[in-house]
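Below, each value reflects all heavy atoms present in this structure, side chains not excepted, and no hydrogens, waters or symmetry copies. Naming convention: chains lettered A, B, ... in sequence-line order (proteins, then strands); numbering from 1 in each chain.
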Amino acid sequence: DSGVTQTPKHLITATGQRVTLRCSPRSGDLSVYWYQQSLDQGLQFLIQYYNGEERAKGNILERFSAQQFPDLHSELNLSSLELGDSALYFCASSMEAIPTDTQYFGPGTRLTVL
Amino acid sequence: GQNIDQPTEMTATEGAIVQINCTYQTSGFNGLFWYQQHAGEAPTFLSYNVLDGLEEKGRFSSFLSRSKGYSYLLLKELQMKDSASYLCALNRDDKIIFGKGTRLHILP
């Protein structure tokens, strides 16, 4: 158990819909990272927050947005969903802002868009 | 660009040694990660190399050569539980870019 929690574990929805994925980092960790993992694209970095502020942005679509709240939990919002958004979404947390130390991954949310 | 190439699959025998290579083309990066990922599970951190050379951690070692655009993960005394995917990833401007991973099969 990494100490990072993600909810829900599974999510099934339809094209065009909007969903929110939630992540609670390990106690004491200030950084939260979001990743998408699909069979054809592999693991892709989406976005990082550090202590409530956006710090780095990867291949995140404009239809996707995220935020980190004062209690340090984070939410990833996916809107106007398409079939290709079906994937495993991981969040990870670490203590530092710079991604040089160990990142602890949550168990993931499996999103299926029908 | 920063293409990261790893073999798609490898097979090795329990008790043996295996080397998983990772080559990349990039103009600069901060460091290189290796992660292990069992099927259906989250990745777990194995190593982070910043400087050239070999870093050893128990049965696992990771090597980096910036001049050659090359890294490898060395797994010794293979165990059945080492059957997993191994992901190489670059830290470039604090964005982490992953390779597609190498699926390692261990035979008894």
Side-chain angles (χ1 to χ4, degrees), chain A residues 1-7 9-10 21 23-26 29-51 53-60 87-110 112, chain B residues 1-9 20 22-24 26 28-53 55 57-58 60 62 64 66 71 73 84-104:
Chain A
D1 183 359
S2 66
V4 178
T5 60
Q6 288 187 249
T7 56
K9 195 165 183 173
H10 300 278
L21 313 184
C23 169
S24 292
R26 285 189 332 150
D29 285 355
L30 299 177
S31 268
V32 170
Y33 302 78
W34 285 99
Y35 296 91
Q36 178 194 58
Q37 188 171 37
S38 59
L39 281 174
D40 55 340
Q41 293 290 323
L43 193 60
Q44 292 206 79
F45 166 66
L46 296 178
I47 197 163
Q48 179 204 359
Y49 280 82
Y50 178 75
N51 204 21
E53 300 288 327
E54 181 186 305
R55 192 180 176 279
K57 218 167 184 176
N59 299 326
I60 188 165
L88 201 49
Y89 290 85
F90 288 108
C91 86
S93 74
S94 68
M95 284 180 60
E96 305 294 332
I98 301 170
T100 57
D101 67 335
T102 305
Q103 288 186 29
Y104 295 90
F105 279 73
T109 293
R110 183 169 294 283
T112 303
Chain B
Q2 53 263 333
N3 289 346
I4 301 172
D5 295 308
Q6 303 179 236
T8 307
E9 289 191 72
I20 302 174
C22 170
T23 58
Y24 53 86
T26 183
F29 62 97
N30 304 98
L32 188 144
F33 290 96
W34 281 97
Y35 280 87
Q36 180 192 60
Q37 186 176 24
H38 285 97
E41 296 182 12
T44 53
F45 171 87
L46 291 177
S47 64
Y48 182 63
N49 290 66
V50 176
L51 303 175
D52 282 7
E55 291 200 8
K57 265 187 195 179
F60 292 6
S62 57
L64 176 65
R66 287 178 178 266
S71 171
L73 182 69
S85 287
Y86 292 86
L87 311 176
C88 166
L90 292 178
N91 174 5
R92 188 160 191 242
D93 299 327
D94 290 345
K95 296 180 179 64
I96 303 173
I97 303 138
F98 284 85
K100 295 279 179 79
T102 298
R103 260 194 316 276
L104 177 64

Can you check side-chain contact (heavy atoms from CB on, under 4.5 Å) on Tyr48(B) and Gln103(A), steps first, answer last? CA-CA 11 Å; Tyr48(B) 182 63; Gln103(A) 288 186 29; over 6 Å; no
At a heavy-atom separation under 4.5 Å, does Asn59(A) approach chain B through its side chain, its backbone, both, or neither? neither
In Å and rounded to the nearest 0.5 Å, what is the CZ to CG distance from Phe45(A) to Leu90(B)? 14.0 Å
Lys95(B) side chain reached by Gln48(A) side chain, heavy atoms, under 4.5 Å: no
Looking only at heavy atoms, the pair that brings Ala42(B) and Gly106(A) closest together is CB-O, 3.0 Å
Looking at Tyr35(A) versus Phe98(B), is the centre-to-centre ring distance below 6.0 Å? yes
Between Phe45(B) and Phe105(A), does the ring centre distance come in under 6.0 Å? no
Using 0.5 Å steps for rounding, measure from the OH atom of Tyr35(B) to the OG1 atom of Thr102(A). 7.5 Å
Report the distance from atom CG of Leu43(A) to atom CD1 of Ile97(B), rounding to the nearest 0.5 Å. 12.0 Å
Which answer fits Asn91(B), side chain, backbone, both or neither, if we ask what part of it has an atom under 4.5 Å from a heavy atom of chain A? side chain
Say you draw a straight line from CG of Leu87(B) to CD of Gln37(A); how long is it, rounded to the nearest 0.5 Å? 7.0 Å
Report which part of Arg110(A) has an atom under 4.5 Å of a heavy atom belonging to chain B: side chain, backbone, both, or neither. neither
